[in-house]
Amino acid sequence: MSWHATILTLFPEMFPGPLGASLAGRALAEGLWRLETADIRAHGLGRHRAVDDTPFGGGAGMVMRPDVTATALAAHRRADDARPFVYLTPRGRLFTQADARRFAAGRGIVLLCGRYEGLDQRAIEATEAEEISIGDYVLSGGEPAALVLLDACLRLLPGVMGAAASAEEESFAEGLLEYPHYTRPAEWEGRAVPPVLLSGDHAAIRAWRRAESERATRERRPDLWDRYRQGRMAGRHADSAASVATA
Ligand code: ADE
């Protein structure tokens, strides 16, 4: 059985969207993963298929009804479904590479895209949803976040990217940002490629790349740098440092 993504959304036409192109699109066509979109509105109430209502206690915006959302979920996720159920919300825990690895290693995922005013809290609790945010900014809905989360998982599925991805993975798995890349021409508009990369000295190239990775991480992401250093000082190996750094 291929990796199975189910998306509960008010805008099913947004999928597969960009995931229908490039590597994910080819993998979808080849059956390496399967996409099911579920229109929450199909479970809406009354003639207007209402899915939301005004917030108790007052305030702006609308809140997604717990009954409608739970019914939609039950229609697309059987009781014995082993896939994680994720609700995309700016109130969630930040999404990391460690999450992408965990989701990609399973059978698939069930995603609920909310409007940003959110889902009734009781439905979040009753369904034991894992609340995930893709970053500290507010999107107009969970759909773009679902596309981002899926993209990060899909490229890790066996056969989607091949060997190139696994090599790159190892580098980020250590909790460092990547070193900079260069290709031909060796000199462009007066800018030369760092000479070590043309030296043919593989040990020197490895050392230079490592130093550049560390410098970029230290300068740009002090949060990652601290965790990386803590992991090293604790004498863990690269892989356990990685799960800390990217958790
Ligand atoms: N919905 C709105 N903003 C979001 C975010 N930053 N992450 C996940 N879901 C969202």
Side-chain angles (χ1 to χ4, degrees), residues 3-20 24 33 35-44 50-73 76-77 81 83-106 108-157 172 177 220-221 223-224 245-247:
W3 201 82
H4 181 194
T6 299
I7 323 286
L8 292 118
T9 171
L10 290 165
F11 301 100
E13 66 275 19
M14 288 196 192
F15 298 90
L19 300 178
W33 68 289
L35 174 67
E36 178 192 1
T37 48
D39 188 353
I40 299 170
R41 196 166 295 282
H43 303 273
V51 296
D52 54 7
D53 210 327
T54 54
F56 280 125
M62 302 289 275
V63 178
M64 290 172 77
R65 291 181 58 118
D67 47 359
V68 172
T69 311
T71 305
L73 177 62
H76 295 275
R77 188 189 191 227
D81 197 323
R83 296 174 298 164
F85 172 52
V86 169
Y87 168 46
L88 292 153
T89 165
R91 292 191 69 216
R93 196 174 45 71
L94 278 182
F95 181 60
T96 66
Q97 189 66 23
D99 293 312
R101 260 186 247 123
R102 172 167 58 93
F103 295 147
I109 197 163
V110 182
L111 298 174
L112 171 64
C113 306
R115 44 188 305 158
Y116 79 81
E117 294 87 347
L119 172 61
D120 184 292
Q121 181 62 24
R122 294 164 297 176
I124 298 173
E125 291 166 12
T127 59
E128 297 183 0
E130 190 172 340
E131 295 176 81
I132 289 188
S133 165
I134 62 156
D136 291 337
Y137 37 78
V138 181
L139 305 167
S140 55
E143 287 79 6
L147 293 167
V148 166
L149 182 150
L150 282 175
D151 184 274
C153 297
L154 293 171
R155 62 187 286 285
L156 301 179
L157 296 181
F172 193 63
L177 301 182
R220 300 173 179 195
R221 294 292 304 273
D223 56 327
L224 287 185
T246 55

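Whatever order the structure lists them in is the order used to number ligands and atoms, beginning at 1. Any value given below was found using the heavy atoms of this structure, including those in side chains, with hydrogens, waters and symmetry copies removed.
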Note: Ile132, heavy atoms under 4.0 Å from ligand 1, region reported as backbone
State whether the shortest distance between N or O atoms of Tyr137 and N or O atoms of ligand 1 falls below 3.5 angstrom. yes
Hey, is the main chain of Ala105 close enough, under 3.5 Å, to the side chain of Trp3 for a donor-acceptor pair? no
Location of contacts on Ala145 toward ligand 1, heavy atoms closer than 4.0 Å: side chain
Keeping Asp99 on the side-chain end and Thr96 on the backbone end, is there a donor-acceptor pair under 3.5 Å? yes
If we count only N and O atoms by modelled type, under 3.5 Å, do the side chains of Thr89 and Glu131 hold a donor and an acceptor together? no
Quick check on Gly141 - does any of its heavy atoms sit under 4.0 Å from an atom of ligand 1? yes
Indicate yes or no: does Asp52 engage Arg115 in a salt bridge with an N to O separation below 4.0 Å. yes
Salt bridge check: are Arg41 and Asp39 linked by an N-O gap of less than 4.0 Å? no
Side chain or backbone, does Leu139 bring an N or O within less than 3.5 Å of an N or O on ligand 1? yes
